[in-house]
Asker: 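Take this structure first; my questions come after.
Start at 1 and go down the list; that is how both ligands and their atoms are numbered. Any value given below was found using the heavy atoms of this structure, including those in side chains, with hydrogens, waters and symmetry copies removed. Treat the numbers as computed from the prediction; the structure is a model and nothing was measured.
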Amino acid sequence: MGRAFVYVILGGGVAAGYAALEFARRGGYSRGELCIISEETVAPYERPALSKGYLLPEGAARLPGFHTCVGANDELLTTKWYKEQGIELVLGTKVISADVRRKTLLTGTGETISYKTLIIATGAQALKLQEFGIQGSDASNICYLRNIDDADKLVSAMKSCPGGNAVVIGGGYIGMECAAALVTNKIRVTMVFPEKHCMGRLFTPKIAEFYENYYTSKGVTFVKGTVLTSFEKDTTGKVTAVILKDGRHLPADMVVVGIGIRANTSLFEGQLMMSMENGGIKVNGQLQTNDNSVYAVGDVAAFPIKLFDGDIRRLEHVDSARRTARHAVASILEPSKTRDIDYLPFFYSRVFTLSWQFYGDNVGEVVHFGDFTSSSPRFGAYWVNKGRIAGAFLEGGSREEYEAISIAVRRKAMVTNMGELEKQGLALAIQE
Ligand code: FDA
Ligand code: NAD
């Protein structure tokens, strides 16, 4: 049993949706030549909605409202759209092995799908507590968050314990965004993570202090510098408490775990070149792997960042997924006209009424600026590396201000005096 396509997009997440739109806009295929294979049972959607709009107590976002590409204020690609465009959606189908030399994929249902050109967009999976030696994390009230099914489990866990206690494991993006959502759903939250402060991969201690104080004012308790060791459960197998390494017992009606991700590379290990350092599939500036019929985009791809002198990075953010996907399609359809990608890394988050953006790289010396104390905060930081702006963070900015900091990073604005930079703050970017 088998089918043959010219173009196959493996994975049906954010990158797949944006790649499909780019194919449709460029018109480089005929009906039935392009397919998306996805383990998920729905068409590609904007994953960031799962930790934000999807968890709202009222007026929550639901499909089809947040299929790609609405997150970039572009067309809403429903299943009807794919049909109209002649793009085959092979949903609810897991690819279990790949043969790059033969250009075939084998699905869990035993079908062999062949391609001339493959775009790998398999994203990533949440790390599980079992990998850290914690047993019993399959209880019905322990929630991870990567896909719609996870989000539905989280929503039903929240509904089952109004006014109850949640323990959030991990102080990264999932931990911070889910803690805010839990509070909004009137659930008491304790956050547990091993680092000295939240968002350790990006925030400075001063930036983290602001968010931790804000969360504390909303009733969140922080337990830092420790990890959980086990769970206490009732006779039905539900978690009732989280036990920490320092011996503390935290009562829990539900647990949310966000302890990082692993890129879904396993189908291609031993077949394609990997970036060991970044844990992803290594690609060039055209998003092409070492096999010239295979491209990789989104969370799974480790690609060169021109702005960082060609340094290879694997980014776990939606803007990168959207742009690498579009770029790969341009490279496939118009190779001679498509230059190497020149990407400016961009991360953001929205929690409660707060909202921040970050551009570039958080390396070098840090200078903070702005008002960290007001009830409508507007503050930020520059990272200065080798006398130039390498990264910039801003909370509470306007559209123009965010654009200004992004331009300052893109231009690698020169800094001669750190004291002066601190005094100028946002004005430096705006004057640029
Ligand atoms: P993505 O994970 O979206 O899609 C991968 C797809 O491949 C899935 O459909 C999966 O089922 C499928 N797949 C994998 N293996 C397969 C196989 N063997 N066979 C078939 N299908 C397979 N970023 C940001 O910048 N701002 C934000 O606010 C957020 N918020 C956010 C919230 C939540 C809850 C999550 C989980 C993530 C975010 N992100 C984010 C990160 C962002 O969503 C992420 O970077 C993109 O979804 C990556 O897009 P990809 O298409 O690469 O992977
Ligand atoms: P993360 O890498 O942001 O944070 C992982 C956190 O896990 C660390 O901060 C650490 O506190 C914690 N941790 C690690 N090991 C631990 C252990 N043994 N016990 C307790 N805590 C431990 O990953 P995440 O928060 O799980 O997010 C998953 C993915 O989703 C990431 O790719 C992220 O970029 C993406 N995401 C992004 C956004 C956004 O960009 N706004 C929002 C949500 C999710």
Side-chain angles (χ1 to χ4, degrees), residues 9-19 36-52 54-55 68 71 90-98 105-108 119-127 129 131-134 144-151 154 168-178 181 191-195 197-203 223-224 226-229 244-245 256-267 280 296-301 314-322 324-325 345-351 356-358:
I9 301 171
L10 171 53
V14 171
Y18 283 77
I36 292 177
I37 310 174
S38 178
E39 197 177 352
E40 294 186 83
T41 53
V42 292
Y45 56 87
E46 300 285 358
R47 204 164 300 281
L50 298 183
S51 54
K52 303 173 190 69
Y54 206 87
L55 304 181
T68 57
V90 185
L91 300 179
T93 303
K94 184 175 180 159
V95 168
I96 54 169
S97 71
L105 305 170
L106 177 66
T107 71
I119 300 181
I120 304 170
T122 45
Q125 57 189 290
L127 291 177
L129 285 169
E131 302 180 43
F132 296 87
I134 315 286
Y144 291 84
L145 187 54
R146 185 73 202 176
N147 55 38
I148 292 266
D149 291 345
D150 296 337
L154 179 50
V168 172
I169 309 291
Y173 286 95
I174 292 284
M176 293 301 280
E177 293 188 5
C178 288
M191 291 188 70
V192 181
F193 50 85
E195 295 88 357
H197 64 73
C198 67
M199 293 289 292
R201 288 209 286 170
L202 179 64
F203 287 2
V223 178
K224 302 188 270 186
T226 189
V227 289
L228 85 163
T229 52
L244 306 183
K245 201 172 186 178
V256 179
V257 184
I259 56 172
I261 60 172
R262 172 179 303 113
N264 290 322
T265 57
S266 62
L267 291 172
V297 296
D299 279 12
V300 80
R314 189 178 63 77
L315 302 171
E316 299 173 353
H317 292 275
V318 74
D319 182 64
S320 162
R322 293 169 180 158
T324 53
F346 163 47
F347 315 152
Y348 71 89
S349 183
R350 290 189 297 273
V351 285
W356 59 259
Q357 295 191 8
F358 170 85

Asker: What part of F347, side chain from CB on, backbone N/CA/C/O, both or neither, has a heavy atom under 4.0 Å from ligand 2?
Answerer: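 For F347, no heavy atom sits under 4.0 Å from ligand 2.
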
Asker: Within the structure, does L228 bring an N/O atom to less than 3.5 angstrom of an N/O atom in ligand 2?
Answerer: no

Asker: Looking only at distances, can you tell me whether any N or O atom of K94, backbone or side chain, sits closer than 3.5 Å to an N or O atom of ligand 1?
Answerer: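 N/O-N/O distance under 3.5 Å: no.
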
Asker: Do ligand 1 and L10 have nitrogen or oxygen atoms that lie under 3.5 Å from each other?
Answerer: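 N/O-N/O distance below 3.5 Å does not exist for this pair.
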
Asker: For ligand 1, is any non-hydrogen atom under 4.0 Å from N147's backbone (N, CA, C, O), its side chain (CB onward), both, or neither?
Answerer: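 N147 to ligand 1: no contact under 4.0 Å from either part.
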
Asker: Hydrogens and angles aside, do T93 and E39 bring a side-chain donor and acceptor to less than 3.5 Å of each other?
Answerer: no

Asker: Taking distance alone, with N or O pairs closer than 3.5 Å, would you say V227 contacts ligand 2?
Answerer: no

Asker: Is there a donor in the side chain of R47 and an acceptor in the side chain of Y45, or the other way round, less than 3.5 Å apart?
Answerer: yes

Asker: Provide the number and element of each atom of ligand 2 under 4.0 Å from a heavy atom of I169.
Answerer: 20 (C)

Asker: Do E195 and K224 sit within salt-bridge range, that is, some charged N less than 4.0 Å from a carboxylate O?
Answerer: no

Asker: Under 4.0 angstrom from ligand 2, any heavy atom of P194?
Answerer: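 Distance cut 4.0 Å: P194 passes for ligand 2.
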
Asker: Considering only the protein, which heavy-atom contact is closest to atom 12 (C) of ligand 2, and what is its distance?
Answerer: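 Scanning the protein heavy atoms, the shortest distance from atom 12 (C) of ligand 2 goes to G170 CA, 3.7 Å.
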
Asker: Students should be able to answer this: which protein heavy-atom is nearest to atom 40 (O) of ligand 2, and at what distance?
Answerer: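 Going by distance alone, atom 40 (O) of ligand 2 is nearest to H317 ND1, 3.1 Å.
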
Asker: Can you spot which of F347, W356, F358 makes a ring-ring contact (aromatic ring centres under 6.0 Å, His included) with F203?
Answerer: W356

Asker: Could you list the atoms of ligand 1 found under 4.0 angstrom from a heavy atom of G123?
Answerer: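 This gives 2 (O), 5 (C), 52 (O), 53 (O) as the contact atoms.
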
Asker: When you measure from atom 2 (O) of ligand 1 to every protein heavy atom, which one gives the shortest distance, and what is it?
Answerer: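 Heavy-atom neighbour on the protein nearest atom 2 (O) of ligand 1: R146 NH2, 2.8 Å.
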
Asker: Consider every N or O of A15 and every N or O of ligand 1, then say whether any pair is closer than 3.5 Å.
Answerer: yes

Asker: Only heavy atoms of L145, strictly under 4.0 Å: list the atoms of ligand 1 that pass.
Answerer: 34 (C), 36 (C)

Asker: So is R350 close enough to ligand 1, meaning a heavy atom under 4.0 angstrom away?
Answerer: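 Judged by the 4.0 Å heavy-atom criterion, R350 does not count as contacting ligand 1.
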
Asker: Given E177, R47, E131, which has its nearest heavy atom closest to atom 42 (C) of ligand 2?
Answerer: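 It is E177 that holds the nearest heavy atom.
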
Asker: Give a yes/no verdict on whether any heavy atom in I96 is under 4.0 Å from an atom of ligand 1.
Answerer: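 Judged by the 4.0 Å heavy-atom criterion, I96 does not count as contacting ligand 1.
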
Asker: Could you tell me the residue and atom name of the protein heavy atom closest to atom 26 (O) of ligand 2, and the distance to it rounded to 0.1 Å?
Answerer: G260 N, 2.8 Å

Asker: Closest non-hydrogen protein atom to atom 19 (N) of ligand 1, residue and atom name please, with distance?
Answerer: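 Nearest protein contact, heavy atoms only, for atom 19 (N) of ligand 1 is V95 N, 2.9 Å.
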
Asker: Taking S320 for the side chain and V318 for the main chain, is one N or O donor matched with an acceptor at less than 3.5 Å?
Answerer: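 Flag not set: sc S320 to bb V318 has no pair under 3.5 Å.
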
Asker: For atom 39 (C) of ligand 2, what's the nearest protein heavy-atom neighbour? Residue, atom name and distance, please.
Answerer: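 The closest one turns out to be Y173 CD2, 3.1 Å.
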
Asker: Going by the order shown, which atoms of ligand 1 are within less than 4.0 Å of some heavy atom of E316?
Answerer: 41 (C), 45 (O)

Asker: Would you check whether K52 has a nitrogen or oxygen atom less than 3.5 angstrom from a nitrogen or oxygen atom of ligand 2?
Answerer: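 There is no such contact.
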
Asker: Considering only the protein, which heavy-atom contact is closest to atom 11 (O) of ligand 2, and what is its distance?
Answerer: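 Here the nearest protein heavy atom works out to E195 OE1, 2.6 Å.
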
Asker: Is there a heavy atom in I174 that sits closer than 4.0 Å to ligand 1?
Answerer: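 Within the 4.0 Å threshold, so yes.
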
Asker: Considering non-hydrogen atoms of the protein only, which is the closest contact for atom 25 (O) of ligand 2, and what is the distance?
Answerer: I174 N, 2.8 Å

Asker: What protein heavy atom sits nearest atom 6 (C) of ligand 2, and how far away is it?
Answerer: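 Its nearest protein heavy-atom neighbour is G258 O, 3.6 Å.
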
Asker: Please confirm whether R47 comes within less than 3.5 Å of ligand 1 when only nitrogen or oxygen atoms on both sides are compared.
Answerer: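 In this structure, R47 places an N or O atom under 3.5 Å from an N or O of ligand 1.
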
Asker: Contact between ligand 2 and F132 is defined here as a heavy atom of the residue under 4.0 Å from a ligand atom; is it met?
Answerer: yes

Asker: Step by step, would you call Y173 with E316 a side-chain hydrogen bond (donor to acceptor under 3.5 Å, both in side chains)?
Answerer: CA-CA 11 Å; Y173 286 95; E316 299 173 353; over 6 Å; no

Asker: Against D299, only a single residue in R314, R322, R262, R146 fulfils salt bridge (charged side-chain N to carboxylate O under 4.0 Å, His left out); can you say which?
Answerer: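 When R314, R322, R262, R146 are each tested with D299, the salt bridge (charged side-chain N to carboxylate O under 4.0 Å, His left out) holds only for R146.
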
Asker: Tell me whether S349 reaches ligand 1 (any heavy atom closer than 4.0 angstrom to a ligand atom).
Answerer: no

Asker: For atom 31 (C) of ligand 2, what's the nearest protein heavy-atom neighbour? Residue, atom name and distance, please.
Answerer: E316 OE1, 3.4 Å

Asker: Could you tell me whether N264 approaches ligand 1 through its side chain, its backbone, both or neither, with non-hydrogen atoms closer than 4.0 Å?
Answerer: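 The side chain, only.
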
